[in-house]
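First comes the structure, then the notes that go with it.
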Amino acid sequence: MQAIIEPSIPSRTHGFKEGTRGKVPDFLSLIRACTRNRDLQRGIRLHDDILKRGLLGSHAGALVTMYAKCDALLKAKSLLDRYDIKDVIAWTALIAGYVRAGQCEDAFYLFEHMQQKGISPNAVTYACILKACGTLGALEMGKQIHDEIMKQGLLQNDVVLGGALVDMYAKCNTLAKAREVLDILPLRDVISWSALIAGYVQWGQAEEAMSCFESMQKENISPNAVTYACILKACGMLGAIDKGKQIHEEIESQDLLQDDIVLGGVLVDMYAKCGDLTKAHCVLDELPSRNAVAWCALIAGYAQQGQGEEALKRFEQMQQEGIPPNGVTLCCVLHVCSQLGRIEEGHNYFTDMGVKYGLKPPIEVYASMVDLFGRAGHLEKAVRLIREMPCCNHSVIWRALLAACRKWGDISVGRWAFDRAIEVDKKDGAAYILMANIYAAAGLQESAKGIETMRVENNAW
DNA sequence: CTAGGGTTAG
């Protein structure tokens with residue numbers, strides 16, 4: 001008698017092994033599908049189901065990966081802590097999640113912790129950690145990772161890792177090293193080149209960025225939207241409007257403005273920085289979608305040229321188009337108001353952010369507002385604003401107030417601001433210097449010297 | 001198959 005062989009259904013197609021007894025779902029495939037689609041809600045239901053069936057032990061790694069990819073880092077971490085997960089992918093996924101969230105120290109901690117547990121990092125793990133190094137400017141750590149990568153020969157067949165390495169050196173302001181690494185990479189592509197170009201732009205070396213752009217093309221690697229964005233920024237820094245126009249034409253001929261929201265803003269910024277506001281405005285008008293960044297580039301351009309009234313008009317126009325201002329836009333507008341001495345108007349824009357748009361002003365906006373009041377000599381208004389702030393535990397706030405106190409020679413408010421500044425950051429060199437200046441300007445040389453002594457004692461610069 | 005690299009306005 002022949003046994004009945006049940007048909008096997010590939011798990012990747014449905015996720016259910018329907019032929020097997022009791023229809024046990026293939027949870028691993030289902031979780032992976034949630035990871036792919038970033039479907040957190042479905043992932044949570046699967047977790048629940050798996051828990052009820054007592055299957056968590058064998059699925060914890062996949063769940064950590066899913067939660068991490070969905071940016072549910074606390075859930076991922078608590079599973080990782082509770083189960084003895086040996087899966088390098090799960091650890092790496094959580095490390096990547098922390099790096100995405102800007103929690104690079106947590107990423108480093110996990111990286112150490114996984115190795116203590118005997119789990120070896122692989123190329124993907126190293127790429128994540130390199131990104132964390134770049135974000136924090138942790139050059140020494142980055143070098144150690146580089147050494148390890150070389151020992152293991154991981155660059156031979158991995159273009160991504162090479163790009164991450166170039167980016168790390170570039171972000172740490174070691175551009176010669178970044179260039180050297182790129183030159184000897186076995187594999188390099190438009191992204192590794194763009195990482196280097198972006199680095200030169202970030203650190204103010206626009207000429208070098210231009211020259212890399214040429215070298216890249218000599219290697220027959222074509223620029224993409226990101227490369228163009230970097231190069232346009234370099235053009236703006238150099239005031240190289242002819243080169244900028246040429247890049248603009250290339251972008252148009254490749255129709256890149258249609259599906260890249262970033263490029264439009266950079267283009268407006270390039271023309272604005274080169275002083276051609278008419279052209280900047282023209283480009284903005286023709287963009288398929290105008291966002292706050294593109295508008296802000298134009299507004300800043302007008303402000304830069306001393307055309308504050310025009311800048312404020314554009315700000316109104318932006319809002320009429322239904323685009324809410326964000327923190328950066330508002331800082332820029334408040335700066336314009338400060339230039340024009342339009343205190344009330346600036347304060348109205350500030351309150352609009354909460355009242356009209358329901359947005360919580362970021363700390364930089366509060367600092368701009370303190371600056372606006374302070375420069376105008378309304379120190380008591382600046383102080384009142386600080387007292388009403390949800391949190392004034394930031395150096396920028398106290399520096400703005402101190403700068404105003406220096407301008408108006410207010411020793412008592414100045415001393416108060418200085419004491420708070422030092423509470424926040426004992427090494428806030430700018431605060432010491434501002435306070436010493438305030439005392440010195442008032443003829444209180446002994447007090448000024450006292451502040452200077454404090455600065456040296458606290459090793460502040 | 002489940003984890004990884006470059007970009008924008010002050």
Side-chain angles (χ1 to χ4, degrees), chain A residues 10-12 28-29 31-36 61-66 68-69 76 87-97 99-100 121-132 134 154 158-168 170-171 178 182 185 187-199 201-202 216 223-234 236 256 260-270 272-273 280 284 291-301 303-304 318 325-336 362 364-365 367-368 371:
Chain A
S11 58
R12 75 183 105 82
L28 230 39
S29 296
I31 298 167
R32 284 171 187 169
C34 293
T35 309
R36 251 198 324 276
L63 285 169
V64 167
T65 309
M66 183 275 296
K69 185 84 175 187
D87 177 9
V88 64
I89 294 181
W91 283 85
T92 303
L94 186 51
I95 289 172
V99 176
R100 266 200 310 278
N122 62 20
V124 181
T125 324
Y126 289 133
C128 297
I129 287 298
L130 284 172
K131 187 169 177 175
L154 293 174
D158 196 331
V159 67
V160 174
L161 194 55
L165 202 48
V166 172
D167 179 55
M168 182 277 292
K171 287 216 165 69
L182 179 100
L185 280 185
L187 301 165
R188 52 174 176 253
D189 60 5
V190 63
I191 297 186
S192 17
W193 273 106
S194 299
L196 182 66
I197 292 169
V201 172
Q202 183 194 343
M216 181 188 90
N224 63 16
V226 175
T227 329
Y228 286 132
C230 298
I231 280 307
L232 284 171
K233 193 170 172 180
L256 292 175
D260 194 308
I261 189 95
V262 172
L263 216 40
V266 187
L267 210 43
V268 173
D269 184 57
M270 184 275 292
K273 286 219 168 67
L284 180 82
N291 59 13
V293 175
W295 274 105
C296 188
L298 186 68
I299 291 167
Q304 182 66 41
M318 176 188 100
N326 61 25
V328 178
T329 329
L330 212 62
C331 283
C332 191
V333 166
L334 291 179
H335 187 67
V336 173
E364 291 83 3
V365 169
S368 294
D371 185 68

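A, B, ... follow the sequence lines: proteins, then strands. Residue 1 opens every chain. Scope of the values below: all heavy atoms of this structure, side chains included, with no hydrogens, waters or symmetry mates.
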Proximal nucleotide (of dG10(B), dG5(B), dT7(B)) relative to the Asp269(A) side chain: dG10(B)
Nearest listed nucleotide, side chain of Ala123(A), among dG10(B), dG5(B), dG4(B): dG4(B)
What about Asn291(A): does its side chain form a donor-acceptor pair under 3.5 Å with the base of dA9(B)? no
Classify Gly163(A) by what it touches in the nucleic acid, base, sugar-phosphate, or nothing, heavy-atom distance under 4.0 Å. base
Considering every strand and a 4.0 Å limit on heavy-atom distances, what is the contact class for Leu161(A): base, sugar-phosphate, or nothing? base
Give Arg188(A) one of three labels, base, sugar-phosphate or nothing, depending on what nucleic acid heavy atoms sit under 4.0 Å from its own. nothing
So if I take every side-chain heavy atom of Lys171(A) and compare against dG10(B), dG4(B), dT7(B), which nucleotide ends up nearest? dT7(B)
Measure from the side-chain heavy atoms of Arg32(A) and tell me the nearest of dG6(B), dT2(B), dG4(B). dT2(B)
Could you please name the option among dG10(B), dA9(B), dG5(B) that lies closest to any side-chain atom of Lys131(A)? dG5(B)
Looking at the side chain of Arg36(A), which of dG6(B), dG10(B), dC1(B) is the nearest nucleotide? dC1(B)
Less than 3.5 Å between a donor and an acceptor, one on the side chain of Asn122(A) and one on the base of dG4(B), is that the case here? no
Closest nucleotide among dT8(B), dA9(B), dG4(B) to the Ala96(A) side chain: dG4(B)
Of the candidates dA3(B), dT8(B), dA9(B), the side chain of Val262(A) sits closest to dT8(B)
Per atom distances to the Val190(A) side chain, the nearest of dG6(B), dT2(B), dA9(B) is dG6(B)
